[in-house]
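As structure tokens, the structure follows; a few thoughts come after it.
One-based numbering, in listed order, for ligands and for the atoms of each. We count residues from 1, following the sequence as given.
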Amino acid sequence: MPDQGLIPVLFCLLAMWRILTPVSSHPQYSPCKLVQKAALCNNGNLSSVPERLPGNLEELQLNYNQIKTLHDVSFLRYPSLITITLACNGLEKVQSNVFRDSQLLENLNLANNNINIGFEETSLALRTLPSLRFLDLSENKLTDEMASTLLQNVSSLEYLNLSGNLLQRLDETSFRDLHNLKDLDLQRNIMFEIDSAFGSNPKLQRLNLAFNYLPCLTDFHMTQLVVLNASYNFIEWFISRQDLNDTFQLETLDLSNNRLFFFPFLPTRSKLQNLYLSHNILRFYEHLADNRTLQNATTSVEFYNLKKHIKNVTAQLWGDDLHGDVSSLDTLDLRRNRVDYFPDGFIQKMPTLSRLWMATNCLETLNFSTEQFSSNLYELDISNNKLSQVSANDGSLSMLGNLTYVNLSRNNLKELPFGLFSSLPRIHSVDLSYNNIGICLTDERKINTRSITECLQWNNIDSLRQLHLRGCNLEAVPNSAFTGLSLTHLELSDNPRIDVQDSLQCLSRTLQHLGLGNTQTRDIDLSHFQSLKSLNLSRNSLYHLPKSLYQIDLKVLDVRDNRLSTIPFGEARTLASKLQTIFLSGNAFNCCQTEWFKIFESAKTINMVAVSDIECQDILQTTHRVQDSERFYCLEAGESILWYILLLLPICLFLTGISIVTFLTYKPKLLQTSIKKKYLKPTSY
Ligand SMILES: *[C@@H]1O[C@H](CO)[C@@H](O)[C@H](O)[C@H]1NC(C)=O
Ligand SMILES: *[C@@H]1O[C@H](CO)[C@@H](O)[C@H](O)[C@H]1NC(C)=O
Ligand SMILES: *[C@@H]1O[C@H](CO)[C@@H](O)[C@H](O)[C@H]1NC(C)=O
Ligand SMILES: *[C@@H]1O[C@H](CO)[C@@H](O)[C@H](O)[C@H]1NC(C)=O
Ligand SMILES: *[C@@H]1O[C@H](CO)[C@@H](O)[C@H](O)[C@H]1NC(C)=O
Ligand SMILES: *[C@@H]1O[C@H](CO)[C@@H](O)[C@H](O)[C@H]1NC(C)=O
Ligand SMILES: *[C@@H]1O[C@H](CO)[C@@H](O)[C@H](O)[C@H]1NC(C)=O
Ligand SMILES: *[C@@H]1O[C@H](CO)[C@@H](O)[C@H](O)[C@H]1NC(C)=O
Ligand SMILES: *[C@@H]1O[C@H](CO)[C@@H](O)[C@H](O)[C@H]1NC(C)=O
Ligand SMILES: *[C@@H]1O[C@H](CO)[C@@H](O)[C@H](O)[C@H]1NC(C)=O
Ligand SMILES: *[C@@H]1O[C@H](CO)[C@@H](O)[C@H](O)[C@H]1NC(C)=O
Ligand SMILES: *[C@@H]1O[C@H](CO)[C@@H](O)[C@H](O)[C@H]1NC(C)=O
């Protein structure tokens, strides 16, 4: 049947095609769409360059076609071309004179082809392009030799993409003629060595070496480079040349996902702003610097390469001033390393640092007074460390006027400096989850004479919007705990003994997300929370959804792992009309009361997350997927199992009687023959 339906549709499409194509200015049939001086001929199944396009074309897009060869005459008719894109064609050969008349060509995209097959002829063709600035040769299975042949004499190039090829080794011949190169992408090759490769590229500013097999970057002296991305390699050492007096232009250095175990030996003068070092095994060794036992330990490292050149790169491994110039740093990403302390004066060396990401390290203490963070500090993430102590004096806190986001979750904190957050005028988001910091019961200020406190007072921190206090062993929360706050986001999950109901009411105007998972909440009145959009009540042994939920304009509701048995018809309708996302798995719903499911299912606007995990139980305690309602019978508790037994018993008795009579009548013979039949049957093997 559907086949028959297809014909008119195809016909219709064809008709539309006929109507639409003349719009593309040319009377003849053409798979191209003309937009001003550009012809878009992508996805056209073309096997050659279309011939009847306007002669003044400046851009020709031929991506995703089947053009295997570019012939000498292919672009003859289009001398004004500035851009040609031929990605994903299986292109193998480019004849040497094909661009002879395309002297204006600046951009050539040959990505994802088979240039490796005809690379020699292609290289002759590229040499005839005096204005070529952008060349994309990514994904072409090119080896070192092929690439250096292709790039001979293409000296006008400014942007070159060689990502996704088979380059292994770069040396001084690789990019010898590319004197104007500014941007070079070498991602996703199989490079293991770079030896004096960029000496002829004095204008190179952006270099991407990500996803290769480089074991080290030593003797780094590309002072003009602005962005270096060497993430996802196997780099153990990054050492820049220390004897250069020039200022390195480097602004962004990405060494994340490598094997660094020393902080990189950065240039002594640079403009470095963003330093990404996450996912290494880096730590600091200053504590060893004046250790007698290490005095005789090596202080220099030697690096050998394939040509047996020995680079005597000396690095003062154990000194206390080996970090180079970090004075312009804005973002320092040290996530997932092994840092257990900051060397003396380390943070102080970064007077403009605004983001410090330290999640998942081994820091044990943090002293705001000694570290002297920059007054620009905006984001501080020291989550998932081993912090047991954070100290600060008033002076050091008053320096943190820009601090907006603080994440200290998953540490061993039991106390914090008194008034830590109330003295931060711009604090917006605080995460103290999984520590042992309570909420003060009384006004500690009056009784506390120490500078350290085991509980915090949150009232009247005007700027605070997000507060995360998951798993803090919170119990009693005073009614005034959150007064004077305009929180939009409050996370109190995993505090099984918390008693919070009354203290929340003062947040009813502003709160948008409330997390009360695993808090033994039984019922909660949220009817005044008119801004609440997202509520988490998972793992709470709820038997019913709180009535007040139907009155507010909730978008996301998580009630997983509770004891809900049904959602009454009317309420389900109300929810279905408002909710966008609901989590319901982990409840034992009643298989006989699943109208709510049909309502949610038919409401197209609501997403039931993990819908196939939502289960119900029948009266025999058998579990079914609510989704499969046609596959199970509903045994209502009201109908009682007795009825079924009463109904079935006579039938069973009757059938049993008949069977016995039959059996006795035909008995042993029947039995014997059936056994015989069974065992005498020839086997199939
Ligand atoms: C593409 O063109 C080839 C011939 O050049 C033809 O065999 C093939 O069926 C075409 N494919 C499509 C999807 O039109
Ligand atoms: C490259 O250009 C130089 C002069 O600029 C020329 O001498 C040399 O022959 C050219 N090489 C190739 C392979 O075309
Ligand atoms: C280089 O090409 C690859 C693959 O075609 C692409 O993912 C990457 O973004 C390109 N690089 C640049 C800098 O455009
Ligand atoms: C470095 O390259 C990787 C891989 O392409 C990318 O994920 C990362 O964002 C890049 N780093 C920077 C700083 O752009
Ligand atoms: C760098 O400057 C120092 C003194 O400022 C000088 O002794 C040294 O020779 C200079 N090095 C270079 C490579 O210019
Ligand atoms: C010196 O190093 C040894 C072994 O690494 C260590 O046990 C000792 O505590 C260190 N001494 C000092 C003063 O850091
Ligand atoms: C260091 O070397 C000197 C002489 O080379 C030797 O006298 C001294 O005992 C060594 N120290 C250690 C701790 O090995
Ligand atoms: C490297 O430097 C060390 C000490 O400075 C020296 O002993 C060694 O001979 C040097 N090696 C080479 C290859 O120059
Ligand atoms: C923090 O540093 C300051 C100044 O260096 C010092 O006076 C104070 O004792 C330190 N606090 C702790 C708890 O170590
Ligand atoms: C704090 O850090 C933890 C662990 O790194 C992370 O899971 C959590 O989302 C962060 N909190 C906030 C508010 O970003
Ligand atoms: C916040 O940072 C700006 C620079 O971005 C600085 O001028 C200002 O003094 C800082 N504010 C405070 C309160 O420290
Ligand atoms: C709700 O809280 C639980 C337990 O704290 C958590 O596992 C779950 O991811 C939260 N739900 C949502 C939707 O974030």
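For atom 9 (O) of ligand 4, the closest non-hydrogen atom of the protein is D254 OD2, 4.6 Å. Ranking protein heavy atoms by distance to atom 4 (C) of ligand 11, first place goes to N376 OD1, 3.3 Å. Closest to atom 14 (O) of ligand 4 among all protein heavy atoms lies N229 ND2, 4.0 Å. From the protein, the heavy atom lying nearest to atom 5 (O) of ligand 9 is T370 CG2, 2.7 Å. Scanning the protein for heavy atoms near atom 13 (C) of ligand 11, the closest one is G401 CA, 3.5 Å.
Below 4.0 Å from some heavy atom of S231 lie the following atoms of ligand 4, by number and element: 1 (C), 2 (O), 3 (C). Proximity to Y276 (heavy-atom distance under 4.0 Å) selects the following atoms of ligand 4: 13 (C). The distance from ligand 9 to the heavy atoms of N367 drops below 4.0 Å at these ligand atoms: 1 (C), 2 (O), 3 (C), 8 (C), 10 (C), 11 (N), 12 (C), 14 (O). Ligand 9 places these atoms under 4.0 Å from at least one heavy atom of S391: 11 (N), 12 (C), 13 (C).
For atom 2 (O) of ligand 4, a protein heavy-atom neighbour is present inside the 4.0 Å cut-off. Closer than 4.0 Å to atom 7 (O) of ligand 4 lies none of the heavy atoms of the protein. For atom 11 (N) of ligand 11, a protein heavy-atom neighbour is present inside the 4.0 Å cut-off.
Between Q187 and ligand 4, at least one N/O pair is under 3.5 Å apart.
No side-chain heavy atom of D431 sits under 4.5 Å from any side-chain heavy atom of L408. Residues C472 and N495 have side chains in contact (heavy-atom distance under 4.5 Å, counting atoms from C-beta outward).
No cation-pi contact links R259 to F234, judged by a cut-off of 6.0 Å to the six-membered ring centre and 45° from its axis.
Between the side chains of Q249 and K271, at least one donor N or O sits under 3.5 Å from an acceptor N or O.
In this structure, F238 has its ring center no closer than 6.0 Å to that of F262.
Closest heavy-atom contact between P478 and C440: CG-O, 3.3 Å. Here the shortest heavy-atom pairing between L86 and N89 reads O-ND2, 3.0 Å.
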Worksheet item: For D171 and R169, what are the C-alpha separation, side-chain angles and deciding distance, and is it a salt bridge (charged side-chain N to carboxylate O under 4.0 Å, His left out)?
Response: CA-CA 7 Å; D171 59 25; R169 212 184 153 268; 3.2 Å; yes
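Using a 4.0 Å heavy-atom cutoff, F211 is listed among the residues neighbouring ligand 4.
Salt bridge R470/E491: present, at least one basic N to carboxylate O contact under 4.0 Å.
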